[in-house]
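In listed order, ligands and their atoms are each counted from 1. All residue numbers in this chain count up from 1 along the given sequence.
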Amino acid sequence: MDENTINAGRKLITNVGLVTSNGPVGNNVMSAEWVHRVSSDPFLLAVCLNPLDATNENIKATNEFGVSLAAESHNVAGSIAGNYSGREVDKVKTLEELGVKFYKAEKINAHMVEGAAANYECKVVEHRKLGSHIMYIGYVVKASYTDANPIIYHKRKYYKIGAEVQKPDAKALEDMGDVVSKHRKD
Ligand SMILES: Cc1cc2nc3c(=O)[nH]c(=O)nc-3n(C[C@H](O)[C@H](O)[C@H](O)COP(=O)(O)O)c2cc1C
């Protein structure tokens with residue numbers, strides 16, 4: 001892929017999902033920026049994983065995974081989970097020693113990160129290989145959230161939610177009504 005296409009891809013703003021699983025590779029956590037809601041009712045989450053990742057092996061065997069949406073305090077967790085393989089390092093124990101707290105999920109056999117912006121326990125309903133990655137669609141069987149803000153991932157850096165960009169208010173939208181009417185389709 002050429003440099004321009006790579007850089008265009010990096011313009012996308014994503015999350016840091018801490019994807020947890022427990023299977024042949026053992027208790028594991030990896031970082032995934034490609035975590036998206038794909039349906040509100042039922043609540044379905046998609047995660048896109050490299051087929052070579054240990055997490056993929058765990059999910060393939062168990063058909064379940066957790067997503068702890070990294071909070072601003074989880075910058076270390078995001079980098080440890082995203083830079084080592086669960087085949088070589090027990091990342092859950094490593095992170096625990098570094099001060100990250102986990103708890104046992106209620107509806108799946110995995111651990112979730114305490115204090116995450118949100119926690120989603122998922123059962124796989126579908127998976128599909130799409131280019132380089134496998135997309136797992138998880139039905140969210142248990143969801144919870146905290147007051148913590150999620151980390152924003154952009155151009156391979158972590159950011160905090162910052163200044164709000166104002167939406168046009170009702171009056172401003174009304175003032176633009178004539179322009180909209182001019183372009184209304186019959
Ligand atoms: C912030 C961040 C986001 C990442 N997002 C993804 C992703 O969406 N999908 C993916 O396959 N790998 C992603 N990675 C890379 C994996 O986390 C990395 O390959 C990890 O070592 C896999 O762990 P595992 O082998 O224990 O499953 C990301 C890494 C970082 C640091």
For ligand 1, which atoms sit closer than 4.0 Å to a heavy atom of [X]?
{"X": "G86", "answer": "24 (P), 25 (O), 26 (O)"}
{"X": "L49", "answer": "11 (O)"}
{"X": "M30", "answer": "10 (C), 11 (O), 12 (N), 13 (C), 16 (C), 17 (O), 22 (C), 23 (O), 27 (O)"}

Worksheet item: What are the two closest heavy atoms between P51 and K129, and how far apart are they?
Response: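 Reported closest heavy-atom pair: CG-CE, 4.0 Å.
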Before signing off on this row, confirm whether [X] and ligand 1 have an N or O atom pair separated by under 3.5 Å.
{"X": "C48", "value": "yes"}
{"X": "N28", "value": "yes"}
{"X": "N50", "value": "yes"}
{"X": "R87", "value": "no"}

Counting only heavy atoms closer than 4.0 Å, does ligand 1 sit against the backbone of [X], its side chain, both, or neither?
{"X": "A81", "result": "backbone"}
{"X": "H133", "result": "side chain"}
{"X": "Y84", "result": "backbone"}

Which residue holds the protein heavy atom closest to [atom], what is that atom called, and what is the gap in Å?
{"atom": "atom 27 (O) of ligand 1", "answer": "T55 OG1, 2.6 Å"}
{"atom": "atom 4 (C) of ligand 1", "answer": "S31 O, 3.4 Å"}
{"atom": "atom 18 (C) of ligand 1", "answer": "G82 O, 3.4 Å"}
{"atom": "atom 25 (O) of ligand 1", "answer": "A54 N, 2.9 Å"}

Practice prompt. With sequence neighbours excluded, give me every ring pair (Phe, Tyr, Trp, His ring centres under 6.0 Å) pair touching residues 157-186.
Written response: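 Passing the test, one end in residues 157-186: Y153-Y158.
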Discussion item. Please compare E57, E33, K91 and report which has the shortest non-hydrogen distance to atom 3 (C) of ligand 1.
Written reply: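 When every heavy atom of E57, E33, K91 is considered, E33 comes closest to atom 3 (C) of ligand 1.
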Worksheet item: Given D53, L52, I134, which one has a non-hydrogen atom that is nearest to atom 22 (C) of ligand 1?
Response: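 Considering heavy atoms of D53, L52, I134, the nearest to atom 22 (C) of ligand 1 sits in D53.
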Item to complete: Under the side chain to side chain donor-acceptor pair (under 3.5 Å) rule, what do D2 and T5 come out as? Steps first, then yes or no, please.
Response: CA-CA 6 Å; D2 65 90; T5 310; 2.8 Å; yes
